[in-house]
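Inspection log for the structure reproduced underneath, given as structure tokens.
In what follows, every chain begins at residue 1, and chains take the letters A, B, ... in the order their sequences are listed. What you are looking at is a predicted structure, and each value in this text was computed from that prediction instead of being measured.
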2 protein chains.
Amino acid sequence: MVSAGYDELVETRELRYFVAVAEELHFGRAAERLAMAQPPLSRAIQQLERRLGVVLLHRTTRAITLTEAGSVLLREARTALDAVEAAERRTRRAAADQPGVVLAAKAGASTELLSKLLDAYAAEPGAVAVEMMLCGPGEPESLLRTGRADVALLHRPYDTTVGFDTEDLHTEQQVAVLPAGHPLANRSHLSMAEVNALTDLPLPRWPRRDGSYPDGPGPQVRDHTQLTQLITLGRACALMPESLRAQLGDGHAIVPVPDAPAVTTVIAWPPHSRSKAVADLVHTATRL
Amino acid sequence: MVSAGYDELVETRELRYFVAVAEELHFGRAAERLAMAQPPLSRAIQQLERRLGVVLLHRTTRAITLTEAGSVLLREARTALDAVEAAERRTRRAAADQPGVVLAAKAGASTELLSKLLDAYAAEPGAVAVEMMLCGPGEPESLLRTGRADVALLHRPYDTTVGFDTEDLHTEQQVAVLPAGHPLANRSHLSMAEVNALTDLPLPRWPRRDGSYPDGPGPQVRDHTQLTQLITLGRACALMPESLRAQLGDGHAIVPVPDAPAVTTVIAWPPHSRSKAVADLVHTATRL
DNA sequence: GGGCGGCGATACCGCACGGGTATTGGTCGT
DNA sequence: ACGACCAATACCCGTGCGGTATCGCCGCCC
């Protein structure tokens with residue numbers, strides 16, 4: 001009858017505080033971000049360390065760094081807070097009068113598949129309203145984990161699908177996108193090695209989870225519009241699934257890259273999802 | 001730089017309270033379980049409902065029931081609390097001097113595979129201490145989700161593996177276990193239909209997640225010791241993977257059931273696990 | 001080298017909120 | 001009709017969270 005006893009758990013407030021400090025690595029800025037004063041924040045972190053019996057931060061008066069345990073907690077706390085946020089959001093939406101499903105997908109990706117899916121699902125008996133969330137790269141996973149979305153289209157290997165249930169929908173080869181008129185634009189195909197060797201046209205750098213960019217020669221890029229423009233301007237090249245060619249206007253040349261990893265479009269949803277609408281949507285998608 | 005802003009999140013305390021009330025469906029008992037008085041609990045739930053803007057419980061003065069949104073929150077809150085608990089445990093263990101890995105498995109299951117795995121892993125360079133948690137059926141998943149264990153051996157389709165990363169290790173057929181001397185004990189094989197038709201020897205009922213038992217004719221059973229004893233006594237029969245025959249003493253007859261679903265032993269670990277020890281253990285397991 | 005500036009920790013205070021006791025109000029049994 | 005049961009309300013108290021003021025420590029710069 002009685003399930004696990006959750007006594008003496010850390011409060012979400014403490015986790016939020018720690019995440020802020022761990023991300024800023026600076027009590028003052030973290031306090032500002034949390035809209036509070038610095039001293040209570042310091043105390044809260046100390047108290048958290050006492051309660052866990054663990055040192056989370058190495059502090060010198062000039063800078064603070066995460067201990068091993070601290071970085072574990074940062075990662076774990078983020079997923080725990082995501083779960084709490086998801087609980088809140090899903091509860092609110094379960095109470096909303098109009099049921100509706102939120103489907104997240106990266107803007108511009110899998111457009112054709114998406115429209116077919118929406119049409120096919122709408123024709124199903126018992127279909128509910130589907131609200132689309134078109135978002136930037138990397139975002140759908142977080143939308144799913146925080147309950148802002150109910151289902152998402154992801155693209156392996158670009159997106160990570162760990163922690164979700166998924167069904168593969170479609171696999172396609174990647175192509176290199178070059179500025180029109182580039183010397184290699186007329187080649188019948190390119191190898192990965194050749195693409196990487198294009199020092200005049202580096203591959204762009206996409207932001208990581210935390211918003212920072214990896215080091216490297218390529219330009220920083222936030223979305224596909226930016227990217228296509230950079231390619232037109234002759235400042236970058238890119239690898240992308242071939243279905244994206246439909247999004248490209250003139251000014252681009254497209255060359256298949258057979259040895260680039262294939263991209264699989266998958267439909268993903270949170271495990272334990274008991275929503276009939278999600279199940280129907282997935283079912284429809286796999287029958288396309 | 002700044003990641004998602006978790007402002008105004010529900011506190012774990014409120015979630016714990018709600019889970020208690022939702023499980024007990026009775027404020028008085030829930031308060032007792034939480035070691036507090038009933039009125040503050042009532043107020044806390046009301047406040048939670050106000051903050052979410054959602055009615056979670058239908059209350060009549062005699063009984064309370066969950067609304068649709070309430071049952072969503074019950075499920076979500078459990079997983080959120082599990083995540084918080086996991087954050088706490090994993091942080092504590094990350095700070096412990098001796099690293100160590102906790103491996104959970106159902107007592108008695110896959111014994112042979114388990115001992116081979118432990119031996120093989122111990123021979124690896126860089127192996128750390130492996131602490132075994134032998135537990136009852138259904139428990140390993142929860143141990144993994146709450147961070148009490150780092151890796152687990154699970155058995156599909158008995159255990160659900162959603163939300164974990166897994167690798168298949170071994171697949172085997174199931175056999176029927178009957179009391180020695182039973183009329184069917186000498187058959188070369190049985191069908192599922194025949195096993196289900198044994199009204200004199202019903203299949204036992206295992207507890208669900210929440211500890212309650214499904215309805216049905218069979219005896220309630222908590223572990224394999226109970227079960228084997230019930231079979232010896234001629235009060236039940238059972239289906240189990242054939243490797244379990246090693247656990248059985250005399251007094252049992254074993255008959256293959258070819259059309260029963262095959263059981264796959266899988267090794268499972270939480271997604272995002274960055275522990276080298278877990279990775280090594282999984283790697284070793286797949287090479288067995 | 002001494003003074004200044006930046007930053008985290010400490011000291012102290014006030015109030016909001018969580019929790020306790022006593023009581024009410026409503027509904028179901030008998 | 002009356003009593004039992006149970007959630008909600010009323011009221012009170014204490015803890016603890018958050019705020020302001022200040023200290024202590026260290027690096028930097030003139």
Side-chain angles (χ1 to χ4, degrees), chain A residues 1 5-52 54-67 69-70 73-74 77 81 84, chain B residues 1 5-52 54-67 69-70 73-74 77 81 84:
Chain A
M1 167 79 84
Y6 305 106
D7 10 46
E8 308 282 326
L9 279 196
V10 176
E11 291 299 322
T12 66
R13 182 176 43 79
E14 311 185 73
L15 294 179
R16 275 170 37 218
Y17 289 1
F18 176 73
V19 169
V21 172
E23 283 180 355
E24 301 286 348
L25 291 176
H26 187 290
F27 278 81
R29 281 196 301 275
E32 185 181 7
R33 200 171 112 186
L34 295 167
M36 66 186 290
Q38 169 260 319
L41 181 57
S42 286
R43 264 183 310 151
I45 300 295
Q46 292 175 47
Q47 182 178 330
L48 179 61
E49 288 180 311
R50 269 200 311 275
R51 287 183 50 177
L52 292 176
V54 163
V55 179
L56 299 171
L57 302 169
H58 286 136
R59 23 279 249 188
T60 62
T61 45
R62 305 302 280 180
I64 58 185
T65 56
L66 289 175
T67 63
L73 183 58
L74 175 57
L81 290 173
V84 173
Chain B
M1 167 80 83
Y6 305 104
D7 10 48
E8 308 283 325
L9 279 195
V10 176
E11 292 299 325
T12 65
R13 183 176 41 78
E14 311 184 75
L15 294 179
R16 275 170 36 219
Y17 289 2
F18 176 74
V19 169
V21 173
E23 285 181 354
E24 300 287 348
L25 292 178
H26 188 290
F27 278 79
R29 280 194 302 272
E32 187 182 5
R33 201 171 112 186
L34 295 166
M36 67 186 289
Q38 169 260 319
L41 181 57
S42 285
R43 267 183 309 154
I45 301 294
Q46 292 175 49
Q47 181 177 329
L48 179 61
E49 288 181 309
R50 270 199 311 273
R51 288 183 49 178
L52 293 175
V54 163
V55 179
L56 298 171
L57 302 169
H58 285 135
R59 332 105 131 121
T60 62
T61 45
R62 304 304 278 182
I64 59 187
T65 57
L66 290 175
T67 62
L73 183 59
L74 175 57
L81 290 173
V84 172

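Taking for each of P39(B) and R29(B) the nucleotide of DNA chain D with the nearest heavy atom, the 5'-most of the two is the partner of R29(B).
With rounding to whole Å, Q38(B) atom CD is found 14 Å from dA10(D) atom P. Rounded to an integer number of Å, the gap from NE2 of H58(B) to P of dA8(D) is 13 Å. Straight-line distance from the CD atom of E24(B) to the C1' atom of dA7(D): 16 Å, rounded to whole Å.
Put simply, CD on E14(A) and OG1 on T12(B) are 8.0 Å apart, with the number rounded to the nearest 0.5 Å. Taken to the nearest 0.5 Å, the CZ atom of F18(A) stands 7.0 Å off from the CG atom of L48(A). A distance of 13.0 Å separates CG of L25(A) from NE2 of H58(A), quoted to the nearest 0.5 Å. Between I64(B) atom CD1 and F27(B) atom CZ the span is 4.5 Å, to the nearest 0.5 Å. The distance from atom CD of Q46(A) to atom CZ of R51(A), rounded to the nearest 0.5 Å, is 14.5 Å. Within the model, atoms CZ of R29(B) and CG of L34(B) stand 13.0 Å from one another, a figure rounded to the nearest 0.5 Å.
For DNA chain C, the span of nucleotides reached by chain B at under 4.0 Å from its heavy atoms goes, 5' to 3', from dG18(C) to dC28(C).
With a 4.5 Å cut-off on side-chain heavy atoms, V19(B) and L74(B) count as touching.
For DNA chain C, the neighbouring residues in residues 41-52 of chain B, judged by any heavy atom under 4.0 Å, are R43(B), Q47(B).
Panel note: side chain E49(A), backbone L56(A); a donor-acceptor pair is recorded below 3.5 Å.
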